[in-house]
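Shown next, in structure tokens, is the structure this report addresses.
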Amino acid sequence: MAADTPRAEIHHDHRDVTGGWLRPAVFGAMDGMISNVSLIAGFVGASATPHLVILSGLGGLVAGAFSMGVGEYVSVASQADLARAEIEVERTELLTNAHAEREELAQLYIARGVEPELAREVARQLSRDPERALEIHAREELGLTPHDLPSPILAALSSFLAFSVGALLPLLPFLLGATVFWPAVLVTGVALFAAGSAVVRITARPWWYGGLRQLLFGAAAAGVTYGVGAAIGTHVA
């Protein structure tokens, strides 16, 4: 390279889009808010006392948080086990059928527009290091990175904590002494709109669209359960 040739500079960083915490955290918070405000709405619709509403909300928070955490752990752990099994299949193929795997990698590059001779040379050089070759094959063929699989524990904790926080919001006004439903509706509505607006920022849609969409989903769920509770007409002293 000539001495006066300017060096390329990196002007931006990418966010981590493959981490194991964002999706369960967002899903957990949304689910916590919607499920618990719906549960509370059902009891309010059935004319339950504030004390019973609080008990139902706390029960929904604890049960839902543990259910979300355990479910997320099992889901991510199972996915990771499957990924490791497929990576081991690829490792075995690289050990027992190296030439065919190298040609397979070359064909992937050829399909993307690289000249055949160059593609085979690139595949040959990349295959000299077994671990690097495994990483490249796993990423190209399976869409996986062997050393960067999602953590089941991180996903479970994210889901558990996010659900707990989300489920606490509609319950909070009753814990602070409210005896009517509208403060819980107000708090949950604001939180749902804010959460929906924040989540949609990573897409091309406007912020108000995400907030309004999430608010409408929550209102529909709470309205249905309120109607069910009112129809049943259960009165508990």
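These values consider heavy atoms only, across backbone and side chains, with no hydrogens, waters or symmetry-generated copies.
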| request: Find out if a path of hydrophobic residues (ILVMFWY) with successive side-chain heavy-atom gaps under 4.5 Å connects F66 to L171. | output: yes

| said: Just checking F193: does its CZ atom have more than 12 heavy atoms from other residues, nucleotides or ligands closer to it than 6.0 angstrom? | reply: yes

| request: Step by step, work out the salt bridge (Lys or Arg N to Asp or Glu O under 4.0 Å) result for E115 and R120. | output: CA-CA 9 Å; E115 294 181 359; R120 289 187 173 89; over 6 Å; no

| field | Any donor-acceptor pair under 3.5 Å from T96 side chain to T92 backbone | value | yes

| request: Using the side chain to side chain contact (heavy atoms under 4.5 Å, CB included) rule, take S164 and L61 through it: C-alpha gap first, then chi angles, then the decisive distance, then the call. | output: CA-CA 6 Å; S164 299; L61 187 157; 4.2 Å; yes

| request: Please assess M68 against F27 for the test side chain to side chain contact (heavy atoms under 4.5 Å, CB included), listing each intermediate value before the final yes or no. | output: CA-CA 9 Å; M68 287 288 295; F27 179 69; 3.3 Å; yes

| task | Measure the acute angle between the ring planes of Y226 and F181, then classify it against the limits of 30° and 60° as parallel, tilted or perpendicular. | result | parallel

| task | Give a yes or no answer on whether the side chain of S159 reaches the backbone of A25 with a donor-acceptor pair at less than 3.5 Å. | result | no

| task | For a side-chain contact (heavy atoms from CB on, under 4.5 Å) with L134, tell me which candidate from R139, E88, R91, E93 qualifies. | result | R91

| query | Is there a donor-acceptor pair closer than 3.5 Å between any side-chain N or O of S75 and the backbone N or O of G71? | reply | no

| request: Spell out, as yes or no, whether a donor-acceptor pair under 3.5 Å connects the side chain of S56 to the backbone of V53. | output: yes

| said: Within this structure, what is the CD-CG distance for the pair E90 and L144, rounded to the nearest 0.5 Å? | reply: 10.5 Å

| query | Of V180, L186, T179, which meets side-chain contact (heavy atoms from CB on, under 4.5 Å) against P183? | reply | V180

| task | Show your working on side chain to side chain contact (heavy atoms under 4.5 Å, CB included) between V122 and V114 and close with a plain yes or no. | result | CA-CA 10 Å; V122 170; V114 180; 5.6 Å; no

| field | S35 side chain near F163 side chain, heavy-atom distance below 4.5 Å | value | yes

| Could you walk me through whether E121 and R124 pass the salt bridge (Lys or Arg N to Asp or Glu O under 4.0 Å) check? | CA-CA 5 Å; E121 176 60 20; R124 185 189 68 80; 2.7 Å; yes

| task | Step by step, work out the side chain to side chain contact (heavy atoms under 4.5 Å, CB included) result for F174 and L58. | result | CA-CA 11 Å; F174 290 96; L58 288 174; over 6 Å; no

| said: Looking at Y73, I want to see if its OH is surrounded by more than 12 non-hydrogen atoms of other residues, nucleotides or ligands under 6.0 Å. | reply: no

| Is it the case that more than 12 heavy atoms not belonging to I153 sit under 6.0 Å from its CD1 atom? | no

| field | Cluster link L55 to V62, ILVMFWY, side chain under 4.5 Å | value | no

| said: Just checking Q125: does its CD atom have more than 12 heavy atoms from other residues, nucleotides or ligands closer to it than 6.0 angstrom? | reply: yes

